[in-house]
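What follows is a set of notes on a single structure, which appears directly below.
Worth saying up front: this structure is predicted, and the values here are computed from it rather than measured. A, B, ... follow the sequence lines: proteins, then strands. Residue 1 opens every chain.
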Protein chains: 4
Amino acid sequence: MTRAGGTRAALLDAALAVFDERTYGDTPVAVVAERAGVSVGTLYRYFPSKEALGNAVYRLWKQRLGERLAAERSAGASYASTFAAMFRTFVGFAAEHPAAFAFLELQQHESYLDVDSRTASTSIDETAVQFVTEGQKAGEIRSGDPHMLVALVYGALVGLIKARRGGLRLTDDDLAAAQAATWALLDIRSQAE
Amino acid sequence: MTRAGGTRAALLDAALAVFDERTYGDTPVAVVAERAGVSVGTLYRYFPSKEALGNAVYRLWKQRLGERLAAERSAGASYASTFAAMFRTFVGFAAEHPAAFAFLELQQHESYLDVDSRTASTSIDETAVQFVTEGQKAGEIRSGDPHMLVALVYGALVGLIKARRGGLRLTDDDLAAAQAATWALLDIRSQAE
Amino acid sequence: MTRAGGTRAALLDAALAVFDERTYGDTPVAVVAERAGVSVGTLYRYFPSKEALGNAVYRLWKQRLGERLAAERSAGASYASTFAAMFRTFVGFAAEHPAAFAFLELQQHESYLDVDSRTASTSIDETAVQFVTEGQKAGEIRSGDPHMLVALVYGALVGLIKARRGGLRLTDDDLAAAQAATWALLDIRSQAE
Amino acid sequence: MTRAGGTRAALLDAALAVFDERTYGDTPVAVVAERAGVSVGTLYRYFPSKEALGNAVYRLWKQRLGERLAAERSAGASYASTFAAMFRTFVGFAAEHPAAFAFLELQQHESYLDVDSRTASTSIDETAVQFVTEGQKAGEIRSGDPHMLVALVYGALVGLIKARRGGLRLTDDDLAAAQAATWALLDIRSQAE
DNA sequence: CATGAATGAGTCTTCATTCAT
DNA sequence: CATGAATGAAGACTCATTCAT
């Protein structure tokens with residue numbers, strides 16, 4: 001499991017894998033070390049504590065997800081098509097990195113996350129809020145508290161991936177339908193009475 | 001903290017409270033017992049294990065939520081108005097029993113839930129799936145895998161409550177907007193292109 | 001399981017049964033009470049502690065065994081025939097009261113036996129030692145420390161019953177052979193070189 | 001108490017000592033660890049459970065005893081003299097390792113012994129049974145179920161050592177007498193009527 | 001007198017963290 | 001730098017004993 005990036009990367013990889021299999025709270029550090037092919041002592045050379053390791057894993061993947069999402073905000077595109085791209089990115093990320101997605105969104109981290117990690121988490125939110133706010137100004141996204149709308153959309157997305165993880169089979173057509181439905185959460189045209 | 005219902009009820013109350021504050025996994029049984037005003041030994045007279053206690057709490061509230069949701073399926077009402085009632089029930093439940101809601105929907109239970117508890121959980125889902133399926137047949141709800149649509153809606157609702165719990169302030173108008181947006185996830189009229 | 005003798009007897013019966021099934025140390029008093037058909041509280045009305053109960057059971061059966069053994073010392077009989085009678089009594093007792101025998105001889109009691117119980121135990125020994133001493137004087141039993149000879153014989157008998165309990169099948173012929181062999185431990189005629 | 005053999009050996013030594021003083025069932029693992037001069041956590045590095053530790057101690061000494069007994073079966077020797085050697089070995093083992101002997105033969109192990117330990121125990125029996133069977137064929141040992149005869153002899157031996165442990169003083173002459181008496185259990189010449 | 005709920009000290013076991021080699 | 005043995009505090013669970021009803 002030792003990646004090119006060296007011991008630290010191997011530890012982050014191993015931690016993600018086992019945290020996904022068992023949960024952060026239920027995973028002894030010895031298991032992480034063993035999976036990474038190093039000793040516990042070595043793990044503690046790279047991370048001062050289990051919490052630090054958990055935070056590092058969390059931050060690493062939250063940032064990766066955030067960057068991929070942010071990259072979709074191409075200038076000039078319509079909000080609907082930008083949303084479509086973001087949706088696909090999100091679903092694609094979950095498909096490519098199921099362990100990372102499950103760890104990030106399906107587990108609880110409150111008990112150990114530090115400020116930096118929370119910030120990483122918030123910044124995704126901010127990107128999304130900004131997108132919604134601008135879309136509202138442009139008259140393409142329905143009115144309403146942007147934070148609230150983001151919460152609804154993000155929640156729907158997480159619900160979708162969670163269901164998929166729980167065994168729900170989704171074809172490309174299903175995903176297209178899911179994207180359309182989720183966009184309806186924001187679409188100004190769905191607001192009409 | 002001893003409720004009128006007796007020791008068992010006091011334990012269920014205490015367990016819900018501390019599981020919400022700290023998480024099931026991070027809560028020693030001694031803390032539950034203390035909160036209920038009894039000794040550890042007494043807790044074990046009423047529940048054979050910590051897992052059994054966790055399951056009892058989970059089932060109790062999942063059933064209460066399920067019953068309230070199911071009660072909204074009044075005959076003759078339009079799907080839109082039934083959905084509105086369910087939305088209000090869900091949000092109301094979360095407001096009245098924030099600890100219960102957080103415990104049920106914001107925590108992980110995979111590691112200890114038994115079959116009965118999972119069944120209680122599934123039955124809510126089934127109610128919702130049935131609602132969607134019938135709505136589709138009636139031409140009021142958009143097409144698409146009902147399980148997927150339910151996952152989206154349930155996810156959105158959870159996201160909403162989670163945000164509220166995270167500090168987001170929501171007025172009645174906000175909630176009305178949230179309801180409208182969430183209904184758009186299902187509304188056949190949002191499907192038109 | 002309630003015997004005619006009343007609650008106390010029922011408790012002694014129940015205790016013997018469960019102590020045999022599980023061991024004194026591994027049996028909660030609640031199990032004894034339940035088996036006797038009474039509550040724990042009641043058990044404590046009849047016996048001040050678990051130890052007292054254990055001692056009472058031990059003493060009761062040690063005495064019964066002792067009395068039956070002592071009864072075989074009929075005057076005028078030869079030592080060989082008296083031994084034969086004792087052997088049969090011992091084996092018969094073990095067959096009739098397997099639980100009692102196993103409890104008495106196959107379990108450890110050191111940790112809780114009180115003086116009275118130890119006395120009851122010793123008196124069987126004394127009877128046997130007296131038998132051996134007299135037999136030696138009469139020239140029918142081999143020379144040697146009587147306590148030692150008794151230890152050998154008693155040990156052999158316990159070994160026999162233990163083996164039987166462990167699954168060894170013994171016919172009447174086998175038992176006759178066992179009796180002959182055991183008597184050889186004492187028989188003056190086996191001493192000849 | 002840390003022996004040269006390392007921590008594991010120290011734990012086995014300590015366990016034997018305290019199991020003898022108090023009984024396996026009445027000894028907390030903390031006491032074993034303390035006696036061995038290590039912490040509880042360390043004990044669990046070497047033995048996965050208290051049961052595993054108990055089995056390890058049992059097996060270790062049962063094997064040592066078995067090996068010493070088996071070593072006495074020198075070819076060509078008469079059955080009487082082989083028996084004499086085994087008798088001395090047995091008594092010698094009990095004198096040299098009183099704690100081990102008491103633990104092995106004077107305690108109950110049924111509740112926790114695993115298959116391997118039971119096997120170790122059985123193999124001593126098998127050696128003895130084989131000795132008796134061959135002696136019968138050679139016309140030197142009395143007839144009768146070999147398992148039964150072994151049970152009698154082994155029981156007598158255990159009774160002897162138990163009595164010694166209980167305070168009985170035995171001179172070399174006494175032991176010689178005990179050996180003679182015990183051999184009479186098997187001696188063909190004691191069978192004659 | 002009987003009941004059985006309540007108590008809490010005591011047991012086994014786990015695991016984050018340290019540190020001698 | 002890496003190793004992994006050692007630590008000990010903490011957690012789940014049991015059970016002899018008490019006492020209010």
Side-chain angles (χ1 to χ4, degrees), chain A residues 6-7 11 24-34 36-54 112, chain B residues 2 6-8 10-11 25-34 36-54 112, chain C residues 6-7 11 24-34 36-54 112, chain D residues 2 6-8 10-11 25-34 36-54 112:
Chain A
T7 306
L11 281 164
Y24 169 84
D26 285 345
T27 308
V29 293
V31 171
V32 178
E34 190 184 24
V38 300
S39 66
V40 230
T42 299
L43 184 155
Y44 275 87
R45 285 204 77 73
Y46 288 88
F47 301 95
S49 68
K50 187 187 177 186
E51 288 205 356
L53 173 60
Y112 67 89
Chain B
T2 308
T7 306
R8 193 189 143 90
L11 281 165
D26 286 344
T27 308
V29 292
V31 171
V32 178
E34 192 183 22
V38 300
S39 65
V40 216
T42 297
L43 185 154
Y44 278 90
R45 275 198 75 74
Y46 291 88
F47 302 94
S49 66
K50 187 187 175 186
E51 283 202 12
L53 174 59
Y112 67 90
Chain C
T7 305
L11 281 165
Y24 168 85
D26 286 345
T27 308
V29 293
V31 171
V32 178
E34 190 185 23
V38 302
S39 67
V40 230
T42 298
L43 184 154
Y44 275 87
R45 285 204 78 72
Y46 289 88
F47 301 95
S49 68
K50 187 187 177 186
E51 288 206 356
L53 173 60
Y112 67 89
Chain D
T2 309
T7 307
R8 194 189 144 89
L11 282 165
D26 285 343
T27 308
V29 292
V31 171
V32 179
E34 191 182 22
V38 300
S39 67
V40 217
T42 296
L43 185 155
Y44 277 90
R45 275 196 76 73
Y46 291 88
F47 301 96
S49 67
K50 187 187 177 186
E51 284 202 11
L53 173 60
Y112 68 90

Which part of the nucleic acid, if any, lies within reach of Phe47(C) when heavy atoms closer than 4.0 Å are counted: base, sugar-phosphate only, or nothing? nothing
Quick one, Leu53(A) with Val29(A), criterion side-chain contact (heavy atoms from CB on, under 4.5 Å). Give me CA distance, side-chain angles, the key distance, then yes/no. CA-CA 9 Å; Leu53(A) 173 60; Val29(A) 293; 5.5 Å; no
Lys50(A) side chain vs Pro28(A) backbone, donor-acceptor pair below 3.5 Å: no
Listed nucleotide nearest any side-chain atom of Lys50(B), set dT17(F), dC13(F), dT17(E): dC13(F)
Any idea which heavy atoms bring Arg8(B) and Phe47(B) closest together, and the distance? NH1-CE2, 3.4 Å
With respect to the side chain of Val40(B), which nucleotide from dG4(E), dT7(F), dC13(F) is positioned closest? dC13(F)
Closest-nucleotide mapping onto DNA chain F: is Tyr24(C) or Pro28(B) further toward the 5' terminus? I mean the 5' end. Pro28(B)
When you check the phosphate oxygens OP1 and OP2 of dA6(E), does a side-chain N or O of Thr7(B) lie under 4.0 Å from one of them? yes
Rounded interatomic separation in angstrom, taking CZ from Arg8(D) and C1' from dA6(F): 17 Å
Closest to the side chain of Tyr44(A), out of dA6(E), dT3(E), dA16(E), is dA16(E)
Which whole-number value in Å describes the distance from Tyr46(C) OH to dA16(F) P? 20 Å
Nearest 0.5 Å please: distance from the CG atom of Leu11(D) over to the OH atom of Tyr44(D). 11.5 Å
Side chain of Arg45(C) - closest among dT13(E), dA2(E), dC15(F): dA2(E)
Here the distance between atom P of dT11(E) and atom CD of Glu51(D), to the nearest Å, is 17 Å
Separation of dA12(F) atom C1' from Tyr112(B) atom OH, nearest Å, is 16 Å
On DNA chain E, does the nearest nucleotide to Thr27(D) precede the nearest nucleotide to Gly41(D) from the 5' side, or the other way round? Give the residue. Thr27(D)
d(CG, Asp26(A); P, dA16(E)) in whole Å: 10 Å
Consider the side chain of Ser39(D), meaning its heavy atoms from C-beta on, and name the nucleotide among dG8(F), dA2(E), dG11(F) that approaches it most closely. dG8(F)
Calculate the interatomic distance between Glu34(B) atom CD and dT7(E) atom P; express it in whole Å. 12 Å
5' precedence on DNA chain F between Ser49(C) and Ala30(B) (nearest-nucleotide basis): Ala30(B)
Counting side-chain heavy atoms from C-beta on, which of dA12(F), dC15(E), dA6(F) comes nearest to Val29(B)? dA12(F)
Closest non-hydrogen atoms of Ala10(B) and Ala36(B), given as atom of the first, atom of the second and distance, are O-CB, 3.8 Å
Where each pair must be Watson-Crick or G-U wobble with both distances under 3.5 Å, what dot-bracket representation of DNA chain F is obtained, with crossing pairs in [ ] and other-strand partners as |? .||||||||||||||||||||
